[in-house]
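Notes for the one structure printed next.
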Amino acid sequence: MATQVIEPLSARRASRGDGVNRKQDSATKNTDRGGAAPPLRLLADVPLEEEVVLVRIDVAGEDVEPLLERGIVPGCTLCPVRHAPAGGPTVYRVDGSLVALRRETASCLCVRSALEAAGVLDSN
Amino acid sequence: MSAATPSPALAAGPVGKGAASDRPLVALVGPPNSGKSTLFNNLTGLRQRVANYPGVTVERRAGVVQSSAGPVDVVDLPGVHGLSPRSLDQIVTRNALLGELEGDRRPDAVVVVLDVTRLDSHLMVAEPVLGLGLPTLVVLTMADELDRRDGALRSRGLARELGVEVALVNARDGAALEPVRRFLAALHTGGDEVRACPIVVAADHHDDHPSGRSLPVVDIFAARRKRARALGRAAGFRAPRPSRSTNRLDALVLHRFWGPLVFAAVVALVFQAIFAWAEPLMDGAEAAIATSGEYLAGVMAEGWFRSLLIDGVWAGVGSVLVFLPQILILFFFIAVLEDSGYMARAAVIADRLMHRVGLQGKSFLPLLSAYACAVPAIMSARTVEDERDRIATIFIAPFMTCSARLPVYALLIAAFVPAGPLLGPFLGRQAAVLIALYALGLTAAIVTAAVLKRTLLRGRPLPFVMELPPYRWPSARSIAARLLDRTKIFLRRAGKIILIVTVVLWVLTQFPKTPGGEAPAIADSALGRAGQVIEPVIEPLGFDWRIGIGLVTSLAAREVIVGTLGTIYGVETRDDPDFELRAALQQDLDFGAAVALLIFFVFALQCMSTVAVMRRETGGWRWPIMQFGYMLALAYAGAWAANALL
Ligand SMILES: Nc1nc2c(ncn2[C@@H]2O[C@H](COP(=O)(O)OP(=O)(O)OP(=O)(O)O)[C@@H](O)[C@H]2O)c(=O)[nH]1
Ligand SMILES: [Mg+2]
């Protein structure tokens with residue numbers, strides 16, 4: 001039942017994301033790190049209720065600190081719980097507590113599915 | 001480095017009970033919304049504001065706790081995520097901890113307050129504080145929630161790992177605070193509870209150290225997170241499962257269809273209550289004031305003193321006092337919404353709009369609190385990290401309808417809008433007009449912010465990160481305390497500013513005496529003549545000199561206009577014992593002028609405390625003067641248009 005809602009939403013978000021992401025392209029986005037690791041995704045593209053692990057934060061300079069301070073640190077688990085009305089922020093469960101992020105911010109967070117990550121990030 | 005010496009010596013030892021500076025000084029530190037102010041209130045018996053969203057406390061507040069071994073100074077501080085100075089409230093805490101706050105010493109010890117349900121991330125951000133090397137007690141709050149949601153922790157284990165005392169408590173429950181009192185007492189006796197945490201924070205992850213940024217900040221935090229988790233694991237920490245009730249409520253409140261509807265219903269309920277629920281209370285208050293006035297008038301001898309008391313004070317102060325029930329109802333709702341956790345959700349719902357305007361979602365919380373009063377709202381703008389956004393937030397805060405406007409609105413609405421249903425039983429006509437006035441203020445705020453953010457205060461948007469605390473039952477005690485405080489503030493203002501103004505006004509109505517030694521007709525009195533000097537300026541708005549005097553006195557505070565009009569009409573109708581302000585206004589103002597007056601009050605910055613706090617928070621006169629002029633111009637133009645069109 002949930003997937004019915006998610007399909008059209010993520011499709012719509014993907015098309016809308018274009019303009020927002022452009023400034024990010026010059027940054028390190030999507031450069032692969034090591035061949036063996038599964039491909040990274042953007043948090044903004046993760047469907048509701050899928051648990052992922054944060055791998056990298058592509059936010060420049062000081063702007064990264066507000067995220068880190070609220071527990072959004074590489075290695076943390078993130079799970080989109082719900083979208084706010086009218087294209088507002090999305091609420092994520094971050095290691096058990098709730099944090100709302102805008103789509104632009106979620107598009108700067110590179111994640112990997114929690115199941116895949118269990119193998120890769122075992123050392124953590 | 002000093003962490004290496006666990007030094008009870010720092011605890012100042014047993015000291016005399018004389019000067020305040022002799023007492024040990026203890027700071028409450030921790031991440032936002034962890035329960036510091038709740039703990040502080042329970043320890044000191046003071047009433048610091050508590051609410052269920054991050055960033056409530058923005059100032060240092062001190063209190064004294066009587067421990068079994070003597071008094072201890074305890075200070076409540078704004079919540080911080082570490083010691084990096086990024087917003088003004090965090091700078092307050094940082095400076096207080098480092099003893100750099102002017103006129104303040106460095107604390108002798110810290111009580112680090114962490115929310116146990118979020119132990120990992122709170123330990124992570126607390127590491128720099130633990131590493132300060134001060135004697136430390138770690139208080140883990142929300143023990144009740146940890147239990148309820150099947151989490152677990154061995155606090156002894158954590159104490160062993162950290163090397164300091166750890167207390168797992170419910171900060172709302174005063175009885176559970178024994179360990180904290182013991183720690184405070186030990187500061188006097190030098191007991192062995194008083195130890196510094198042996199964590200040594202090396203320069204490379206002391207994010208306060210300018211030259212110490214050898215590691216990128218992301219790596220610093222990742223390393224801290226690892227250490228925090230290791231600590232939790234060693235202490236048998238089992239994270240609580242997500243709160244089911246919060247999940248269910250959020251499903252409704254943040255639902256794409258029901259969410260906005262719930263929001264609208266909440267707003268309608270609040271305003272409907274302000275009129276419907278308050279009515280019996282107000283009638284009662286009105287009757288009490290009228291009866292006591294008549295009684296006094298009956299027993300007192302005719303003379304100037306009776307006139308001062310009845311026509312001046314009773315009519316003036318009394319006409320403001322009757323609005324206390326409405327204000328309390330407003331504050332009741334604000335308290336419930338803030339304590340429950342709904343405000344943080346409202347900020348999320350409003351983020352889209354805020355983003356369009358160019359402001360951060362974070363600005364929304366100070367703006368919401370401006371519905372109570374602009375002064376604390378302007379101060380809570382300290383939580384806004386970007387300086388330009390902070391100024392923009394401060395600038396538009398006075399457009400939000402503060403509770404001091406309520407008496408003015410309620411008086412004019414009751415006089416000029418007939419009661420009756422608009423949307424069945426859900427919304428009456430008077431409540432709807434009140435909502436419209438609030439909406440007008442909000443619109444002005446939004447448009448102003450949009451213009452400012454595109455011109456004077458242009459800047460780059462920061463990422464929006466909003467923590468959503470779980471919903472919590474508002475505690476009856478804290479709501480009662482807030483209503484009591486509000487009543488005191490209201491009565492104090494009525495007893496000071498309004499009393500003084502009404503007495504001065506009454507005196508001005510008594511001179512110059514007529515040749516027969518009588519008080520003059522009010523239009524010929526000193527007050528009347530002064531009013532007539534102002535009259536040409538406000539005539540285009542449809543106001544006569546009485547309103548003009550009211551506009552001038554309301555510069556002190558908005559509700560003063562109600563007291564002023566009460567006194568003016570009270571003196572004018574001194575032969576009529578059944579004087580009613582509402583009826584007098586109906587006679588004197590036509591509908592267009594009444595709307596003009598309402599609009600004037602929506603826009604104008606009639607509040608000296610706001611101007612003063614603006615000056616302090618922006619560090620100069622530039623912004624307050626701009627704001628005052630801008631709002632006055634808007635008020636004048638709006639009122640003129642309303643009067644001309646209607
Ligand atoms: N259930 C429960 N609720 C608590 C406890 N301690 C605090 N609260 C609630 O948590 C919320 C935040 O409490 P505050 O005391 O305002 O938190 P604070 O640390 O002062 O927050 P800031 O001033 O924003 O830094 C309020 O709703 C409190 O009622 C506790 O031990 N158990
Ligand atoms: Mg507080």
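Below, chains carry the letters A, B, ... as their sequence lines are ordered, and counting in each starts from 1.
- With a threshold of 4.5 angstrom between heavy atoms, A/Arg82 approaches chain B through side-chain atoms but not through N, CA, C or O.
- Here the side chains of B/Met466 and A/Val99 are not in contact, with every heavy-atom distance at 4.5 Å or above.
- Contact count against chain A (heavy-atom pairs under 4.5 Å) is highest for B/Asp351 among B/Val125, B/Asp351, B/Ile349.
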For this session: Mind running side-chain contact (heavy atoms from CB on, under 4.5 Å) on A/Glu69 and B/Phe221 for me, showing each step along the way?
Result: CA-CA 8 Å; A/Glu69 289 173 345; B/Phe221 270 86; 3.9 Å; yes
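- When all heavy atoms are compared, the tightest approach of A/Pro85 to B/Leu254 is CD-O, 3.5 Å.
- Annotation: side chain of B/Glu467 is not in contact with side chain of A/Ser97 (no heavy-atom distance under 4.5 Å).
- For the pairing with B/Val465, the side chain to side chain contact (heavy atoms under 4.5 Å, CB included) check across A/Ile72, A/Leu68, A/Thr105 returns one residue only, A/Ile72.
- Atom-to-atom distance recorded for B/Ser84:OG and A/Glu65:CD is 4.5 Å, nearest 0.5 angstrom.
- In this structure, A/Leu98 and B/Arg345 have side chains that are in contact, with non-hydrogen atoms separated by less than 4.5 Å.
- In this structure, chain A has no heavy atom under 4.5 Å from any part of B/Arg241.
- Of all the listed residues (B/Val253, B/Asp120, B/Asp250, B/Asp115), the one sharing the greatest number of non-hydrogen pairs under 4.5 Å with chain A is B/Asp250.
- What you find for B/Arg86 and A/Pro66 is that their closest heavy atoms are NH1-CG, 3.5 Å.
- Ion pairing between B/Arg225 and A/Asp95 holds under the 4.0 Å rule for side-chain N and carboxylate O.
- Between A/Gly71 and B/Met124, the closest heavy-atom pair is CA-CE, 3.9 Å.
- When each of B/Leu353, B/Val80, B/Asn247 is checked for heavy-atom pairs under 4.5 Å with chain A, B/Asn247 comes out on top.
- Side chain to side chain, A/His83 and B/Arg256 fail the donor-acceptor criterion of an N or O pair below 3.5 Å.
- Between chain A and the residues B/Ala350, B/Ala222, B/Ala251, B/Pro469, the largest count of heavy-atom pairs under 4.5 Å involves B/Ala251.
- With a 4.5 Å cut-off on side-chain heavy atoms, B/Pro242 and A/Arg93 count as touching.
- Interface remark: A/Val94 contributes no atoms to any contact with chain B (heavy atom separation under 4.5 Å).
- Taking the side chain as every heavy atom from C-beta outward, A/Glu104 and B/His355 approach each other to under 4.5 Å.
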